[in-house]
Amino acid sequence: MVRKGQNDVSEIQDKVMSMYAKGLSDRDISTIIKDIYGFAMSHETISRIVERVTPRFDAWQSRELEAVYAFVYVDAMVVKVKDEGKAINKAVYSVLGIDMQGHKDVLGLWISNNEGAHFWMMIFDELRARGVQRMLFVCVDGLRELEQGVLSIFPQTHVQRCMVHLQRNSLKYIPTKHYKAFCSDAKAIYSAVSIQAAKQALAALKTNWADYPSAVRVWADNFEHVEKLFELPAPIRKMVYTTNVIEALNSAMRKVTRGKAAFPNSEAVFKAFFLRIMDITKKWTMPIPNWALVLGQIDILYPDLL
């Protein structure tokens, strides 16, 4: 593979990083290199190759961003990271934006043991410092501190609670055999054609599932978030009632966590996730479906923006 007098071995390095991004362990990578090229590659060599991604991650994490993002989604993944000899759970937060051309982009990664309003203010202040001037709609999983952090930096933003997270919270009180029926009744609330229809669907939920008051109370106590959803036109409602866009990203990123009992440190998490994101986003070349329809509704809501 490496010819006599050759100094550039970047082809092998790129292949190692590509395999690492797909979640392969050091041992798997070494075995594949041995099978294909006929020479052994040690764990230390693989680690040194992957280590070279750190400057690329730092540049990516601090790069200039778009001035306006139509939709922003925030979600977290829990990973195990070694700390003083113990493997502890840490949350890796990712922020995904959809720009005014309808293209998706991961805006950054952050790790924190404890999240609060100050932590979220720090994240969104960092995004503002990187060039973001406006976020039209931000979809969150229900943390009040997150909403406070967004509005403290971008006060004109419409922050929307994710309806699918509400549904998951209510399912904790429903027997498994009734999941499908309950989800159908709950979905009728946030997918209704109007706020009046949503209120009727909530009344039906209370009647049909009176034997499970805790599940019903999740929807009754949070109906203000449903009402807020109906302040928006239908095409935009479909964009913000769920964080599925970023959860699909997290699902793909779990490839790099399945084969690891624990990451040695936070830097290793950043490197693995960054390489995985680079691998995933290669396919993000087209705008999201029906973007022209969504953009038309944005133009009506914000006539001076476009």
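Since we're looking at a predicted model, the values are computed, not measured.
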(message) Assigning hydrophobic clusters by single linkage (Ile, Leu, Val, Met, Phe, Trp, Tyr; side-chain heavy-atom cutoff under 4.5 Å), is Met122 placed with Leu65?
(response) yes
(request) Might you point out which heavy atoms bring Met163 and Gln160 nearest each other, and give the distance in Å? (result) CE-NE2, 3.9 Å
(request) Compare all side-chain heavy atoms of Leu136 with those of Leu305 and state whether any distance is below 4.5 angstrom. (result) yes
(message) Rounded at 0.5 Å granularity, tell me how far CG in Leu249 sits from CE in Met77.
(response) 9.0 Å
(message) Let me confirm one number: the CD1-CE distance from Ile280 to Met278, rounded to the nearest 0.5 Å.
(response) 9.5 Å
(request) Please state whether the rings of Tyr73 and Phe71 are parallel, tilted or perpendicular, taking 30° and 60° as the class boundaries. (result) parallel
(message) When you compare the side chain of Tyr302 with that of Gln156, does any pair of heavy atoms fall below 4.5 Å?
(response) no
(request) Using side chain to side chain donor-acceptor pair (under 3.5 Å) as the criterion, list what pairs up with Ser170, not counting sequence neighbours. (result) Trp219
(request) State, yes or no, whether a side-chain contact exists between Phe154 and Arg128 at a heavy-atom distance under 4.5 Å. (result) yes
(message) I need the minimum non-hydrogen distance between Trp209 and Ile174, along with the two atoms involved.
(response) CE3-CD1, 4.3 Å
(request) Assess whether side chain to side chain contact (heavy atoms under 4.5 Å, CB included) is satisfied between Glu126 and Trp110, documenting all intermediate values. (result) CA-CA 11 Å; Glu126 178 182 324; Trp110 295 266; 3.1 Å; yes
(request) Could you check if a side-chain atom of Tyr69 sits within less than 4.5 angstrom of a side-chain atom of Val138, using non-hydrogen atoms only? (result) no
(request) Verify whether the ring centers belonging to Tyr93 and Phe119 lie closer than 6.0 Å. (result) yes
(message) Using side-chain heavy atoms (C-beta onward) and a distance below 4.5 Å, is Glu66 in contact with Met100?
(response) no
(request) Would you please classify the geometry between the Phe274 ring and the Phe57 ring as parallel, tilted or perpendicular, with 30° and 60° separating the classes? (result) perpendicular
(message) Please enumerate all residues that pass side chain to side chain contact (heavy atoms under 4.5 Å, CB included) together with Asp75, with sequence neighbours excluded.
(response) Asp141, His165, Ile246, Glu247, Asn250
Donor-acceptor contacts under 3.5 Å from residues 222-233 side chains, at least two apart:
residue : atom : partner : partner atom : Å
Asn222  : OD1  : Arg161  : NH1          : 3.2
Asn222  : ND2  : Val218  : O            : 2.7
Lys228  : NZ   : Val159  : O            : 2.7

(request) Would you sort out whether Leu109 and Ile277 count as a side chain to side chain contact (heavy atoms under 4.5 Å, CB included), showing the intermediate values? (result) CA-CA 10 Å; Leu109 295 170; Ile277 287 172; 3.8 Å; yes
(request) Sequence neighbours left out, what passes side chain to side chain donor-acceptor pair (under 3.5 Å) with Asp105? Give chain and number order. (result) Arg63
(message) For the CG atom of Leu205 and the CG atom of Asp185, what is their distance to the nearest 0.5 Å?
(response) 6.0 Å
(request) Kindly give the heavy-atom pair with the smallest separation between Asn169 and Tyr173, and that separation in Å. (result) O-CE1, 3.6 Å
(request) Would you check if Cys183 and Gln167 make a side-chain contact, meaning some heavy-atom pair closer than 4.5 Å? (result) yes
(request) Apply side chain to side chain donor-acceptor pair (under 3.5 Å) to Arg130 and list each qualifying residue two or more places apart in sequence or on a separate chain. (result) none
(message) Would you compute the distance between atom CD1 of Ile195 and atom CD of Gln200 and round it to the nearest 0.5 angstrom?
(response) 10.5 Å
(request) Any chance you could measure His158, atom NE2, to Met135, atom CE, to the nearest 0.5 Å? (result) 15.0 Å
(message) Contact between Ile236 and Leu301 at the side-chain level, heavy atoms closer than 4.5 Å - yes or no?
(response) yes
(request) Over all heavy atoms of both residues, which pair between Ser266 and Lys90 is shortest? Give the atoms and the distance, please. (result) OG-NZ, 3.5 Å
(request) State whether Arg276 and Asp279 are salt-bridged, where the test is any N-O pair (Lys NZ or Arg NE/NH1/NH2 against Asp/Glu carboxylate O) under 4.0 Å. (result) yes
(message) Are there over 12 heavy-atom neighbours, none belonging to Asn290, within less than 6.0 Å of that residue's CG?
(response) no
(request) Determine the minimum heavy-atom distance between Pro235 and Val294, stating which atoms define it. (result) O-CG2, 4.2 Å
(request) State, with a plain yes or no, whether a side-chain heavy atom of Trp120 is found less than 4.5 Å away from one of Val140. (result) no
(message) Checking Lys80 against Asn89: is there a side-chain donor and acceptor pair closer than 3.5 Å?
(response) yes
(message) If we ignore hydrogens and angles and just use 3.5 Å, is the side chain of Ser184 paired with the main-chain N or O of Ala181 as donor and acceptor?
(response) no
(message) To the closest 0.5 Å, what do you measure between NE2 (His118) and OG (Ser152)?
(response) 10.5 Å
(request) Identify, with sequence neighbours excluded, every residue that meets side chain to side chain contact (heavy atoms under 4.5 Å, CB included) alongside Ile288. (result) Ile98, Lys104, Met239, Trp291
(message) Donor-acceptor pair, distance only, cut-off 3.5 Å: does the side chain of Thr281 make one with the backbone of Trp284?
(response) no
(request) Write down the atom of Gln101, the atom of Pro287, and the distance for their closest heavy-atom approach. (result) O-CB, 3.6 Å
(request) Determine yes or no for a side-chain-to-main-chain donor-acceptor pair under 3.5 angstrom, with Asp83 supplying the side chain and Lys86 the backbone. (result) no
